[in-house]
Amino acid sequence: MCWSATVDLVAGTAIAAIGAACVLRTRRVRDLPLAALPLLLGAHQIIESVVWRADGGTGPATVAWAVIALPVLALWVPLGALCAAPPRARRGLAVPVAAGAATSAALAYSLATRPVTAQIRGHTLGYVLDLPRPELLVAGYLLAAVGSLLLSGDRVLVWLGVLVAGGAAVCAALWRLEFISTWCAFAAVCSVVLLGWSGRRPAGPTGSPARTAGE
């Protein structure tokens with residue numbers, strides 16, 4: 001994220017608190033993966049505050065940040081959208097889920113076999129990882145993370161997808177070398193939309209998450 005370790009820490013704590021509220025407001029088990037997304041992204045920003053304080057480098061915090069930002073989110077978001085989607089939308093999510101699985105596997109392999117380095121560049125952090133065919137991986141990543149929201153069949157999630165897609169375009173245009181860091185920070189802020197989404201999702205016929213998990 002931009003500016004400093006303190007900004008990351010404060011923002012991450014706030015986003016994590018919102019994520020905890022999302023989880024508590026959720027009434028269906030199958031909505032939990034998406035409801036917990038702000039909790040994950042808040043923790044992610046807190047980890048980046050540790051990267052700041054270490055002056056970047058290749059330490060455990062850098063690796064943990066990259067693991068969440070790359071393979072975890074590439075698979076978490078489309079699977080969460082699939083779990084929460086109404087039956088009519090699930091077939092359309094097959095492509096984003098497949099793209100997420102393939103992209104996540106490729107990114108996980110790259111992180112396991114190549115070093116990742118964080119570099120402080122003014123008021124931003126850049127992460128350097130020697131990825132094979134990076135354009136293809138970025139396309140698969142965005143198809144998984146953004147495409148799954150746009151095809152989710154839920155109006156709020158579609159708007160969230162539009163916001164995240166717009167943020168990705170702005171970050172790519174303005175902060176090319178720091179794209180992954182600034183985009184993840186923007187996605188974390190946008191994920192507060194999920195607070196309203198989680199509270200408005202209907203419970204099952206009995207109001208019991210356990211009964212609705214298999215819907």
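Small disclaimer: the values here were computed from a predicted structure and weren't measured.
Scanning both residues, C22 and P38, for their nearest heavy atoms gives SG-CG, 4.2 Å. The two residues A144 and A99 come nearest to each other via the heavy atoms CB-C, 4.3 Å. Residues G147 and P96 share a closest heavy-atom pair of C-CG, 4.1 Å. Annotation for S104 and P71: closest pair OG-O, 2.8 Å, computed over non-hydrogen atoms. Here the closest non-hydrogen pair linking T26 and A35 is OG1-CB, 3.1 Å. The two atoms that bring V146 and G161 nearest to each other are CG1-O, 3.6 Å, heavy atoms only.
Residue V10 is not grouped with residue L125 when hydrophobic side chains (ILVMFWY) are merged at heavy-atom distances under 4.5 angstrom, including chains of intermediate members. L73 is connected to V63 through a chain of hydrophobic side-chain contacts under 4.5 Å among Ile, Leu, Val, Met, Phe, Trp and Tyr, so both are in one cluster. Using a 4.5 Å cut-off between side-chain heavy atoms of Ile, Leu, Val, Met, Phe, Trp and Tyr, with links allowed through other members, V158 and V77 fall into the same hydrophobic cluster. Cluster annotation: L194 is connected to L150 through the hydrophobic network of ILVMFWY side chains, with a link wherever side-chain heavy atoms come within less than 4.5 Å. Side-chain heavy atoms closer than 4.5 Å link hydrophobic residues (I, L, V, M, F, W, Y) into clusters, and following such links, possibly through other members, connects V116 to Y141.
Looking at V72 and L40, their side chains come closer than 4.5 Å, going by heavy atoms from C-beta outward. Annotation: side chain of S4 is in contact with side chain of V7 (closest heavy-atom distance under 4.5 Å). The side-chain heavy atoms of Q45 and I15, taken from C-beta on, include no pair separated by under 4.5 Å. The shortest distance between side-chain heavy atoms of R53 and T6 falls below 4.5 Å. The closest side-chain heavy-atom distance from L9 to W52 is not below 4.5 Å. Looking only at side-chain heavy atoms (C-beta outward), T103 and L75 stay at 4.5 Å or farther from each other. In this structure the side chain of W197 reaches within 4.5 angstrom of the side chain of L34, judged on heavy atoms. Annotation: side chain of T117 is not in contact with side chain of T62 (no heavy-atom distance under 4.5 Å).
Considering CD1 of I47 and CD1 of I68, their distance stands at 4.0 Å, rounded to 0.5 Å. Distance CD1/I18 to CG/L37: 12.5 Å, rounded to 0.5 Å. For the atom pair L79 CG and L93 CG, the distance stands at 10.0 Å (nearest 0.5 Å). How far OG of S198 is from CG of L32: 10.0 Å, rounded to the nearest 0.5 Å. A distance of 8.5 Å separates CG in L160 from OG in S152, rounded to the nearest 0.5 Å. Note: L151 CG to R91 CZ = 14.0 Å, rounded to the nearest 0.5 Å.
R90 places a side-chain N or O within donor-acceptor distance of the main-chain N or O of A85, the cut-off being under 3.5 Å. The closest donor-acceptor contact from the side chain of R25 to the backbone of L195 lies under 3.5 Å.
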Item to complete: Could you check L107 against L131 for side-chain contact (heavy atoms from CB on, under 4.5 Å), going step by step and ending with a plain yes or no?
Response: CA-CA 8 Å; L107 291 170; L131 293 173; 3.9 Å; yes

